[in-house]
Structure formats: C-alpha cells, structure tokens
Amino acid sequence: MASDGPGFVGIRFCQECNNMLYPKEDKENKVLLYACRNCDFRQLADSSCIYVNRIMHEVNEISNIVTDVVQDPTMPRSEDHPCPRCRHRESVFFQSDTKKAAAEMRLYYVCTNPTCNHRWTE
C-alpha cells in the first residue's frame with residue numbers, strides 16, 4: 001500500500017518535566033513549536049503535520065456474495081432460517097473466509113428462491 005503523507009504522528013513529552021507537549025504556533029517567527037503547559041520548555045517541530053486521521057473503509061461482505069452459490073449441490077442447506085424478504089423456507093448457508101467473520105463465527109445465507117436470491121446474515 002502506498003503511503004500518502006506521514007504515517008503515525010507520535011505524542012511528544014517534555015524533556016524537563018515529562019508532561020505532554022502540545023503544538024503551538026510561534027506567530028512572530030512563523031514556525032510550529034511543541035510547548036509544555038507545565039513549564040516553559042519549547043521544541044521546534046520537525047514536521048508541519050501534527051495529526052493524522054486514517055479512514056479505513058470496510059467492504060460490505062454481504063454485497064460480495066455471489067448468488068450462484070444456490071446452484072452448488074455441495075453447499076449446506078437449511079429450512080430453519082427462512083428468507084426475511086420473501087419468506088421462502090430454504091436457504092444456502094456458509095461461513096465467510098475473512099478474518100473478521102471467522103472470528104465472529106458469522107454465517108451468511110442466500111435465499112434459494114430463484115426470483116429472490118436475497119443475501120443476509122444473522
């Protein structure tokens with residue numbers, strides 16, 4: 001994965017009293033400093049980036065399920081979980097191979113009604 005800008009921007013601590021340093025602008029010299037709120041310690045910032053907000057998008061696993069699984073005769077079938085959309089009794093079910101779903105032991109269902117093919121999880 002390519003890096004777009006700085007990675008982790010760590011917390012800085014005062015060398016004199018070990019309290020946290022906070023970003024502060026020196027308006028006169030037009031530079032960014034890290035300043036202690038407890039003592040007068042100041043340190044010149046080595047980067048103009050003070051915060052990184054990484055937004056990670058999770059792929060909706062249900063939308064990635066291929067409805068052709070209902071044609072597979074080796075897939076397990078259930079009549080205990082009727083389709084919430086059309087109320088058809090039979091569904092095909094399986095467990096996802098993603099790490100998140102495997103950790104949660106989540107089952108995914110696909111309605112076997114050819115006019116519905118609804119996908120859901122419980």
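We're numbering straight along the sequence, starting at 1. Everything numeric here is computed off the predicted structure, so don't read it as measured data.
In this structure, CG in D80 is found 10.0 Å from CD in E122, a value given to the nearest 0.5 Å. Note that the OG1 atom of T112 and the CE atom of M75 stand 12.0 Å from one another [nearest 0.5 Å]. Here the straight-line distance linking atom CZ of R89 with atom OG of S78 works out to 8.5 Å at 0.5 Å rounding. Atom CG of N38 sits about 12.5 Å away from atom CE of M20, to the nearest 0.5 Å. Taken to the nearest 0.5 Å, the CZ atom of R77 stands 9.0 Å off from the OG atom of S91. Atom SG of C39 is separated from atom CG of N19 by 7.5 Å, given to the nearest 0.5 angstrom.
Using bins of under 30°, 30° to 60° and over 60° for the plane-to-plane angle, the ring pair W120/Y109 lands in the parallel bin.
Considering only heavy atoms from C-beta on, C111 comes within 4.5 Å of C86 through its side chain. Using a 4.5 Å cut-off on side-chain heavy atoms (C-beta onward), R12 and D46 make contact. Side-chain contact between L107 and T121 is absent, with no heavy atoms from C-beta onward closer than 4.5 Å. The shortest distance between side-chain heavy atoms of K24 and R42 falls below 4.5 Å. The shortest distance between side-chain heavy atoms of Q43 and L21 falls below 4.5 Å. Counting heavy atoms from C-beta outward, D72 and V92 have side chains that stay 4.5 Å or more apart. Side-chain contact between Q15 and F41 is present, with at least one heavy-atom pair separated by less than 4.5 Å. Looking at V110 and H118, their side chains never come closer than 4.5 Å, going by heavy atoms from C-beta outward.
Across all their heavy atoms, Y34 and C49 have their closest contact at OH-O, 4.0 Å. The minimum heavy-atom distance linking P82 with R87 is given by the pair CB-O, 4.3 Å. Heavy-atom minimum distance, P23 versus L32: CB-CD1, 4.3 Å.
Annotation: N29, atom CG; neighbour count of heavy atoms from other residues, nucleotides and ligands within 6.0 Å is above 12.
Taking the ring axis of Y22 as reference, the NZ or CZ atom of R37 stays within 45° of it and closer than 6.0 Å to the ring centre.
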